[in-house]
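Predicted model, so just to flag it, every value in this text is computed and none were measured. Both backbone and side-chain heavy atoms feed into the values below; hydrogens, waters and symmetry mates do not. Reminder, nothing fancy here: chain letters follow the sequence lines and each chain counts from 1.
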Amino acid sequence: DAKTTQPNSMESNEEEPVHLPCNHSTISGTDYIHWYRQLPSQGPEYVIHGLTSNVNNRMASLAIAEDRKSSTLILHRATLRDAAVYYCILNSLGLDKLVFGAGTILRVKS
Amino acid sequence: DTGVSQDPRHKITKRGQNVTFRCDPISEHNRLYWYRQTLGQGPEFLTYFQNEAQLEKSRLLSDRFSAERPKGSFSTLEIQRTEQGDSAMYLCASSIRSTSHTEAFFGQGTRLTVV
């Protein structure tokens, strides 16, 4: 399974943008970049995914480097409810299984 | 459909006892996954099913662990002769098998404490 590297933790102020980085230098051509997050005492939930182009949805934006060796999850206005562990995951077509790393703990200050 | 449900939410058991957890996936989902998560770590893959067939098992799944999905709907995860090291959150997820991206939906988990 291709590996990802994320910072252990990050901190943000409420209502400010947050950029969560992920390095995946060994990504293969068929790997999608997925982001999931896990709120306290909850199971993980899907945030966004992409292959090559930048993606936007109601929760976040995903910026993917041209060489695809890194990506950034962007929360445009962090709220206290965005405090969670964010996981960057590579997964080939078909979603055989998700392989989670330790993720980034995001703390949001009011 | 309210999503993936797991039962029980919490289980305390004595070392050496057997425990069984149940997962009810989203009804049209043909894939079902089990994960284990310990404090401060990301979820670790244990096994997954496509319909009733168990397609992959992790090395983490010792002989004391067994999972079933008898009719391709709900699944059970049994741990025999529990040990203190089995204490963890056990998460179930479901998805639709597809050649393109599909989202995995997770339940809230069953927290097991072995005393």
Side-chain angles (χ1 to χ4, degrees), chain A residues 1-9 20 22 24 27 29-53 55 57-60 62 64 71 84-107, chain B residues 2-7 9-10 21 23-26 29-50 53-61 67 77 88-111:
Chain A
D1 297 310
K3 294 202 185 311
T4 62
T5 305
Q6 299 178 251
N8 292 333
S9 64
L20 296 163
C22 180
H24 29 77
I27 191 170
T30 58
D31 283 333
Y32 280 80
I33 302 159
H34 299 247
W35 285 81
Y36 280 73
R37 73 179 186 180
Q38 189 171 21
L39 303 170
S41 301
Q42 301 288 320
E45 65 175 350
Y46 167 81
V47 177
I48 200 166
H49 80 283
L51 184 62
T52 56
S53 303
V55 185
N57 67 19
R58 63 175 179 81
M59 288 181 71
L62 177 59
I64 302 172
S71 61
V85 181
Y86 287 79
Y87 299 99
C88 170
I89 301 167
L90 301 183
N91 188 264
S92 296
L93 290 173
L95 195 70
D96 283 334
K97 62 180 183 285
L98 296 170
V99 178
F100 290 81
T104 296
I105 300 170
L106 175 65
R107 298 183 178 91
Chain B
T2 56
V4 177
S5 63
Q6 293 188 244
D7 183 70
R9 291 291 310 279
H10 303 273
F21 309 141
C23 172
D24 286 272
I26 293 172
H29 286 186
N30 53 9
R31 286 219 165 168
L32 186 147
Y33 308 81
W34 285 100
Y35 286 82
R36 180 174 70 186
Q37 186 172 28
T38 53
L39 200 62
Q41 302 297 315
E44 296 173 297
F45 170 77
L46 292 178
T47 187
Y48 84 92
F49 294 83
Q50 182 164 306
Q54 190 171 18
L55 296 188
E56 187 175 345
K57 292 196 293 186
S58 163
R59 291 189 305 267
L60 295 173
L61 213 64
L77 178 68
M89 175 75 83
Y90 289 84
L91 292 161
C92 176
S94 70
S95 69
I96 296 174
R97 174 69 171 98
S98 171
T99 54
S100 61
H101 164 81
T102 184
E103 177 182 342
F105 292 81
F106 283 80
Q108 292 192 301
T110 294
R111 181 167 295 285

cation_pi(A:K97, B:Y48) dist<6.0 Å, angle<=45: no
query: Does A:Y36 reach the main-chain N or O of B:A104 with its side chain, forming a donor-acceptor pair under 3.5 Å?
result: yes
- line: Under 4.5 Å to a heavy atom of chain A? For B:F105 that would be neither
query: If you count heavy-atom pairs under 4.5 Å between each of A:S41, A:P44, A:G103 and chain B, which one has the most?
result: A:P44
query: Can you say whether B:Q37 sits under 4.5 Å from chain A via the side chain, the backbone, both, or neither, judging by heavy atoms?
result: side chain
message: Is B:E56 close to chain A through its backbone or its side chain, or both, or neither, when contacts mean heavy atoms under 4.5 Å?
response: side chain
- prompt: Of the backbone (N, CA, C, O) and the side chain (C-beta and beyond), which part of B:Q108 lies under 4.5 Å from a heavy atom of chain A, both, or neither?
  reply: both
statement: Heavy atoms of B:Y35 and A:L98 approach each other most closely as OH-O, 2.8 Å
Least distance between heavy atoms, A:Y87 atom then B:P43 atom: OH-CD, 3.8 Å
